[in-house]
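All residue numbers in this chain count up from 1 along the given sequence.
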Amino acid sequence: MDSYVLELCFPRYGLKIIPAGDPSGIGALIRKHAPAAPIRAYSLAASQGMEDVCVASSEFSLQVTMDTVSEVDALRMGAIYLWRLFMLHHNVLETLKKLMALLPRLHEPDEDCTSRDQHKLVLAWREAAGSIICKPATQRTTTDDLINAFGPIRSSTRCPRCRECCQQRTKAMLQEWATIKRTI
């Protein structure tokens, strides 16, 4: 039995699942299908008030963009669960933007590393941030994506102090990105 069959059976036969304990195992079945069909699993669980299944499915919803939520899915999950899902996606994107907007702390310019050299570093940082933000499905950005975007900046600068500043900022950004909340 798959989640599509469950979707058809719930309204047709007036089924209402009791979320407490879920003795039928239907919650586990919906969870099993969440990686392959996150929006469908989330909306089905939401329609039945299965909070724990919604929380588990919401993390997989970050694999897709919110424009993949059909009108049927939106109506099925209801306004509250739709809002929670939207806010999850919104908060993940805003957190990523804030993390990338923080520039490395640069040292005072000197004859070996002028303000012009540091300006190039800042431009490279902003270009890397822009490349991440402009890609489709930004909310599924991984730490590897961030390393690939920001790693070359460190290696392209000649100044060892600037390299250290870039390394520290990149490390802090990766640590914060790895710990953000990814469920409703």
Asker: Could you tell me whether the side chain of T141 and the main chain of T138 form a donor-acceptor pair under 3.5 Å?
Answerer: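 Here the side-chain-to-backbone pair exists.
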Asker: How would you list all residue pairs meeting salt bridge (charged side-chain N to carboxylate O under 4.0 Å, His left out) that involve residues 104-115, not counting sequence neighbours?
Answerer: D110-R161
Asker: Is there a donor in the side chain of D67 and an acceptor in the side chain of T65, or the other way round, less than 3.5 Å apart?
Answerer: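 Yes, side-chain donor-acceptor contact under 3.5 Å.
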Asker: Any chain of hydrophobic side-chain contacts (each under 4.5 Å) joining V55 to I26?
Answerer: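 Shared cluster, no.
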Asker: Kindly give the heavy-atom pair with the smallest separation between S115 and P109, and that separation in Å.
Answerer: N-CB, 3.7 Å
Asker: To the nearest 0.5 Å, what is the distance between CD on Q167 and CZ on R154?
Answerer: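 Rounded to the nearest 0.5 Å, the CD-CZ separation comes to 4.0 Å.
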Asker: Do the numbers put R182 on top of the ring of W177, so that NZ or CZ is under 6.0 Å from the six-membered ring centre and no more than 45° off the axis?
Answerer: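 Judged by the rule (NZ or CZ under 6.0 Å from the ring centre, within 45° of its axis), R182 counts as positioned above W177.
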Asker: So which heavy atom on I133 is nearest to which on K97, and how close?
Answerer: CD1-CG, 3.4 Å
Asker: Is there a side-chain contact between Y81 and E51 (heavy atoms, below 4.5 Å)?
Answerer: yes
Asker: Is there a side-chain contact between F150 and C166 (heavy atoms, below 4.5 Å)?
Answerer: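 No; the side chains remain at least 4.5 Å from each other.
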Asker: Between E176 and L96 (side chain of the first, backbone of the second, donor and acceptor by atom type, cut-off under 3.5 Å), is there such a pair?
Answerer: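 Judged by distance alone, no pair lies under 3.5 Å.
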Asker: Taking the side chain as every heavy atom from C-beta outward, state whether V69 and M77 have any atom pair closer than 4.5 Å.
Answerer: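 Counting from C-beta outward, V69 and M77 do come under 4.5 Å.
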Asker: Hydrophobic clustering (ILVMFWY, side-chain heavy atoms < 4.5 Å, transitive) - are V64 and L93 grouped together?
Answerer: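 No, L93 and V64 fall in different hydrophobic clusters.
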Asker: Might you point out which heavy atoms bring M50 and G27 nearest each other, and give the distance in Å?
Answerer: CE-CA, 3.3 Å
Asker: Please tell me if the side chains of D73 and T68 come closer than 4.5 Å, counting only heavy atoms from C-beta onward.
Answerer: no
Asker: Sub-3.5 Å donor-acceptor pair from the side chain of R31 to the main-chain atoms of S57, do we have one?
Answerer: no
Asker: Do D117 and T157 have side chains that get closer than 4.5 Å, going by heavy atoms?
Answerer: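 With C-beta onward as the side chain, the pair stays apart.
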Asker: Of the non-hydrogen atoms in A128 and A149, which two are nearest, and what is the gap between them?
Answerer: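 Distance-wise, the nearest heavy atoms are CB-O, 3.4 Å.
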Asker: Closest heavy-atom contact between I153 and A124?
Answerer: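 Smallest heavy-atom distance, with atoms named: CD1-O, 3.4 Å.
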Asker: Treating H107 as the side-chain partner and C165 as the backbone partner, does any N or O pair qualify as donor plus acceptor under 3.5 Å?
Answerer: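 Not at all, since once roles are kept as given, no pair shorter than 3.5 Å links the two residues.
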Asker: Locate the shortest heavy-atom distance separating I147 from P152; write the atom from each residue and the value.
Answerer: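 Minimum heavy-atom separation between I147 and P152: O-CD, 3.9 Å.
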Asker: Got L146 and M100 here, is their nearest side-chain heavy-atom distance under 4.5 Å?
Answerer: yes
Asker: Please determine whether residues I39 and F60 belong to a single hydrophobic cluster, defined as Ile, Leu, Val, Met, Phe, Trp and Tyr linked transitively by side-chain heavy-atom distances below 4.5 Å.
Answerer: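 Each belongs to a different hydrophobic cluster.
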Asker: Quick check: is L82 connected to L75 through a chain of hydrophobic side chains (ILVMFWY, heavy atoms under 4.5 Å apart)?
Answerer: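 In one cluster: no.
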Asker: Got Q168 and P104 here, is their nearest side-chain heavy-atom distance under 4.5 Å?
Answerer: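 Not in contact.
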Asker: Is L44 close to H33 at the side-chain level, that is, under 4.5 Å between some pair of heavy atoms?
Answerer: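 Heavy-atom side-chain distance check fails, nothing below 4.5 Å.
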Asker: Between L106 and L102, is there a shared hydrophobic cluster once you connect ILVMFWY residues whose side-chain heavy atoms come closer than 4.5 Å?
Answerer: no
Asker: Count the heavy atoms belonging to other residues, nucleotides or ligands that lie under 6.0 Å from NZ of K98, then report whether that count exceeds 12.
Answerer: no
